[in-house]
There are 2 protein chains.
Amino acid sequence: MRAREKTEQIKLVIVKATDELLYHKSYNLMSFSDIAEASDIPRGNLNYHFKTKDDILLAVVAYRVQQMNKMLSDWDASINSPLERLLRFAQIPLNEKNNVVQHGCPIGTLNQELGKVQPELKAISKQQFDVFKQWLIKQFSDFVPGQDAQKLAVHMLVRSQGLSAVAFIEEDKKIIETEVKAIEQWLKSL
Amino acid sequence: MRAREKTEQIKLVIVKATDELLYHKSYNLMSFSDIAEASDIPRGNLNYHFKTKDDILLAVVAYRVQQMNKMLSDWDASINSPLERLLRFAQIPLNEKNNVVQHGCPIGTLNQELGKVQPELKAISKQQFDVFKQWLIKQFSDFVPGQDAQKLAVHMLVRSQGLSAVAFIEEDKKIIETEVKAIEQWLKSL
DNA sequence: GTCTATATGAAGATAGAC
DNA sequence: GTCTATCTTCATATAGAC
């Protein structure tokens with residue numbers, strides 16, 4: 001029991017370090033050595049905890065999904081109206097301004113990278129995207145019951161992904177500010 | 001002279017094949033062998049024409065920029081109003097529906113991939129993006145002289161990049177149709 | 001100019017000593 | 001359970017035969 005617990009802790013250290021690493025490095029350019037260095041676990045020992053690199057990615061995505069679900073249920077509990085929750089969502093890139101400009105949206109960039117050649121990995125990574133999508137659909141259903149919540153949720157994701165992508169390419173924080181403001185106006189006009 | 005010309009032709013064959021390859025394969029996962037196979041040039045000979053892989057990328061981007069400029073000046077010549085030119089631009093993802101859903105926007109995905117770790121290459125790839133941006137600014141200046149053309153151009157790019165990214169992740173052509181329609185409405189309302 | 005053969009290095013993964 | 005040493009594979013890039 002104790003031993004098992006300790007193993008789980010080490011795994012979590014690896015996962016957290018890799019999660020962090022994945023923000024500024026692409027998955028395919030990220031080596032076992034990079035992970036070993038970042039997590040301060042001896043290079044060879046990684047292979048005991050995770051057989052393959054893909055296994056680590058799997059664990060990282062599971063961890064991220066868990067974190068995202070926690071954040072969203074916190075919002076559900078602490079923010080009263082669906083409109084304000086949606087506004088809060090729209091502001092994510094604003095709060096992560098520096099990261100977005102330097103590394104893009106962590107979910108979007110990972111999905112795009114894996115989507116190009118590794119369909120199995122893409123499906124895994126897509127889970128992160130779907131957590132947001134389902135939550136958005138719920139919020140829009142509550143916010144404007146008569147309208148097509150699915151379509152509105154997708155539109156929200158489109159604008160959020162788009163502004164992150166363009167701000168990253170142009171390395172321009174102003175784009176985030178302007179575009180988030182535009183999303184807020186759109187939400188309030190619904 | 002003759003010899004030089006022939007060399008240039010071979011280079012173009014390599015560049016075109018790599019351009020094509022880059023639509024479905026990420027740059028970092030693309031090997032010289034892949035390029036050799038795609039262009040039907042013996043593996044070792046590639047290194048005579050291009051010293052490094054980055055040199056090939058450089059040539060591919062230059063080629064793409066040239067093609068894009070050609071397309072845009074064709075539009076300038078054949079399409080009368082700036083609004084119709086902008087509508088034509090908005091429809092690019094619609095005409096490339098299958099490619100977008102399978103591989104994403106070729107410009108956006110390349111920029112995002114290179115942006116994460118290779119700043120020198122990112123700057124090169126960004127040229128493609130800027131060709132579109134400058135052209136859009138010109139069109140918006142002509143279309144709605146009083147308004148902030150730069151801001152409108154960026155917004156157009158945001159929506160275009162966003163819809164490509166989300167349609168790619170979700171592998172859903174309907175998203176392209178719906179979102180392009182929304183862009184058209186927005187343009188007509190300006 | 002063309003292409004083969006090869007140098008060199010780094011990656012993922014494994015076997016097995018401790 | 002932990003970690004070292006190593007196997008294998010595959011990449012870029014070069015030297016030099018044709």
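Just so it is clear, the structure is predicted and the values come from calculations on it, not from any experiment. Protein chains get the first letters and strands the later ones, always in sequence-line order, with residue 1 at the start of each. Heavy atoms only: backbone and side chains are in, while hydrogens, waters and symmetry mates are out.
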[X] [atom1] to [N] [atom2], straight-line distance once rounded to whole Å:
X	N	atom1	atom2	result
A/E8	D/dG1	CD	C1'	14 Å
A/F50	D/dG1	CZ	C1'	15 Å
A/L29	D/dA11	CG	C1'	13 Å
B/N47	C/dG1	CG	P	16 Å
A/L46	D/dA5	CG	P	17 Å
A/K51	C/dA15	NZ	C1'	10 Å
B/K11	C/dG1	NZ	C1'	13 Å
B/D55	D/dA13	CG	P	9 Å

Show every donor-acceptor pair shorter than 3.5 Å between a side-chain atom in residues 135-144 of chain A and any protein atom, with sequence neighbours excluded, or say none if there are none.
residue : atom : partner : partner atom : Å
A/W135  : NE1  : A/D76   : OD1          : 3.1
A/K138  : NZ   : A/D142  : OD2          : 2.7
A/Q139  : OE1  : A/R85   : NH1          : 3.1
A/Q139  : NE2  : A/D76   : OD1          : 3.4
A/S141  : OG   : A/I137  : O            : 2.7

Which pairs pass side-chain hydrogen bond (donor to acceptor under 3.5 Å, both in side chains) with one or both residues in residues 181-190 of chain A, sequence neighbours excluded?
A/Q91-A/E184
Taking only N and O in the side chain of A/H49, is any of them less than 4.0 Å away from OP1 or OP2 of D/dG1?
no
Do A/T109 and A/E113 come within less than 4.5 Å of each other through their side chains, counting heavy atoms only?
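No, too far: nothing below the 4.5 Å cut-off.
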Scan the side chains in residues 61-68 of chain A for donor-acceptor partners under 3.5 Å anywhere in the protein, sequence neighbours excluded, and list what turns up.
residue : atom : partner : partner atom : Å
A/R64   : NE   : A/D19   : OD1          : 2.7
A/R64   : NH1  : A/Q128  : OE1          : 3.3
A/R64   : NH2  : A/D19   : OD1          : 3.2

With ring-ring contact (aromatic ring centres under 6.0 Å, His included) as the rule and sequence neighbours excluded, what pairs involving residues 106-132 of chain B come up?
B/F89-B/F132
Could you go over nucleotides 3-11 of chain C and give all protein N or O partners under 3.5 Å, atom names and distances?
residue : atom : partner : partner atom : Å
C/dC3   : OP2  : B/N45   : ND2          : 2.8

Using residues 148-169 of chain A as the side-chain source, report each donor-acceptor pair under 3.5 Å to any protein atom, sequence neighbours left out, with the distance given to one decimal.
residue : atom : partner : partner atom : Å
A/D148  : OD1  : A/Q150  : N            : 3.2
A/D148  : OD1  : A/K151  : N            : 3.1
A/H155  : ND1  : B/E179  : OE1          : 3.0
A/H155  : ND1  : B/E179  : OE2          : 3.0
A/H155  : NE2  : A/R159  : NH1          : 3.4
A/S164  : OG   : A/S160  : O            : 3.1

By the 4.0 Å heavy-atom rule, please label A/I10 as base, sugar-phosphate, or nothing.
sugar-phosphate
